[in-house]
Amino acid sequence: MVSRIIPVDPFDIVIFGGTGDLARRKILPALFKRFCDGQMPGESRIIGAARTEFDVQGYRAFVREAVIENCSGRLCETDNLAAFLERLHYVTLDARGEKGWDDLTTLMQTTCIRAFYFSVGPSLFGDLAERLHRHNLTDEDSRIVVEKPFGRDLETAARLNRVLASHFNEGQIYRIDHYLGKETVQNLMAVRFGNMLFEPLWNSQYVDHIQITVAEEVGVAGRGAYYEKSGAMRDMVQNHLMQLLCLIAMEPPAKFEPDAVRDEKLKVIRALEPVDPHHIVRGQYAIGDDVPSYREDVDNSRSKTESFIALRCHVTNWRWAGTPFYLRTGKRLKARDSQITVVFKDAPHSIFGPEAGRHHNELTIQLQPDEGITLCVTIKEPGPGGMRLVDVPLDMSFAEALGPDADAPDAYERLIMDVIRGNQTLFMRNDEVEAAWAWTDPIIKGWEARSDVPKPYDAFSTGPDDAKLLIRRDRREWRGIGA
Ligand code: BG6
């Protein structure tokens with residue numbers, strides 16, 4: 001399969017936090033891969049900006065290592081890497097002081113698209129926006145990219161939105177949720193809105209319930225300080241799982257255009273009912289065979305932060321009234337496994353009699369690690385001896401169907417190029433982020449008010465037993481993790 005490269009105009013991208021972990025693991029490798037595919041035209045440049053004292057050569061050596069560590073050897077062994085490093089510049093800069101801003105201004109004399117990537121903590125967003133403005137580094141065509149966490153509740157998110165809005169139009173602000181850049185997540189929309197097959201059945205009349213699971217095998221080691229203040233609800237549910245829920249539940253937008261898509265997602269979030277506290281299970285991983293417990297990882301023996309969440313929620317609109325959505329995410333689970341399963345209702349009447357059993361269809365969209373779609377259908381069990389029915393999967397692995405070249409690009413490659421193209425479809429709008437917090441806040445405040453302590457669960461299990469009870473009470477079962 002030949003991948004089609006959509007040309008972009010020359011650009012300068014400034015990475016504030018250019019020596020940080022995200023820049024090293026994701027942003028710089030993504031830019032390198034786009035460079036290799038010919039998507040850094042002309043004199044496009046990458047300008048790292050951070051407090052670390054580096055000269056250009058020092059920064060290039062840093063980036064070289066980051067790229068080698070995070071990209072395939074095949075790409076790095078070519079002349080591409082040396083040519084890519086030539087595009088890199090660096091400014092030692094203080095986001096809160098004056099140091100470095102004149103150097104940055106001198107460096108940016110060219111006229112091309114300017115993107116400013118705020119790969120720093122949200123407490124610096126305001127300072128950066130204000131200084132960019134004061135130093136005349138932006139015009140109405142410049143863009144800023146901001147990372148999560150976008151606030152820690154509705155109030156802080158709204159404040160951030162106001163700060164950014166005082167210097168930039170909403171059309172210039174790109175709030176990243178990297179899940180939206182994942183190829184398979186975009187495929188959700190393709191499957192739903194590109195096929196006639198599913199849409200007529202995509203409602204509470206035919207769908208019994210929907211499960212969304214994002215399971216991780218890793219713990220929080222290395223990010224303990226951040227995670228301890230965040231927990232699974234803020235780290236994963238408010239953003240990534242919420243986005244998946246939106247894409248599964250939303251009405252078809254009239255066009256695949258930024259506001260058309262985001263309007264529909266917003267309607268889903270606003271239609272979410274407040275969650276009954278009895279319909280949420282929080283968990284925290286306990287010590288495992290060779291791995292520390294969550295509390296050891298964050299060095300807090302009394303931590304009440306959750307590393308696991310399972311909850312049941314409802315989208316109260318015409319399409320979904322009565323269909324529960326079960327969401328589950330956690331760290332140190334059995335396997336890395338993200339999937340969405342749409343479980344259809346049982347056939348209303350079995351013409352084969354009670355001994356044929358009850359059967360239903362299931363559509364599973366596997367997001368990672370092995371992307372694909374499985375549709376479970378009911379057929380006759382082969383052989384003589386009556387009409388016995390059995391459910392079998394119709395499997396489609398994308399790698400098999402599309403060939404080995406269908407290597408999914410990293411989410412950041414897609415998203416950064418969308419910033420350069422000026423396409424906000426896969427970025428969150430201010431009202432969307434605030435609506436997501438408005439739904440999340442009361443849940444978190446409820447735990448705080450009750451001093452809720454998460455249930456311990458074994459490392460590499462499927463989470464606390466209460467999560468199983470949550471769904472079993474409704475006579476349903478979670479789909480396996482890593483099955
Ligand atoms: C990040 C979270 O946004 O997403 C991490 O902060 C989590 O805690 C990560 O591990 C998961 O992303 P992915 O792409 O590995 O599923």
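Note that ligands are numbered from 1 as they come in the structure, with each ligand's atoms numbered from 1 the same way. Numbers here simply count residues along the sequence, with the first being 1. Remember, predicted model here, so these are calculated numbers, not experimental data.
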Given side chains that start at C-beta, do those of His314 and Phe325 come closer than 4.5 Å, heavy atoms only? no

* Asked: Under 3.5 Å, side chain of Arg282 to main-chain N/O of Phe308, donor-acceptor pair present?
  -> no

Worksheet item: So, Thr19 and Thr52: side-chain donor and acceptor under 3.5 Å apart, yes or no?
Response: yes

Per the under 4.0 Å non-hydrogen criterion, ligand 1 touches Lys148, His178, Tyr179, Lys182, Glu216, Arg223, Asp235, Met236, His240, Lys331, Arg336, Gln368

Here the pair of heavy atoms bringing Arg421 nearest to Asp418 is NH1-OD1, 2.8 Å

Across all chains, not counting sequence neighbours, the side-chain hydrogen bond (donor to acceptor under 3.5 Å, both in side chains) partners of Arg223 are none

**OP:** Please state whether the rings of Tyr326 and His209 are parallel, tilted or perpendicular, taking 30° and 60° as the class boundaries.
**Re:** perpendicular

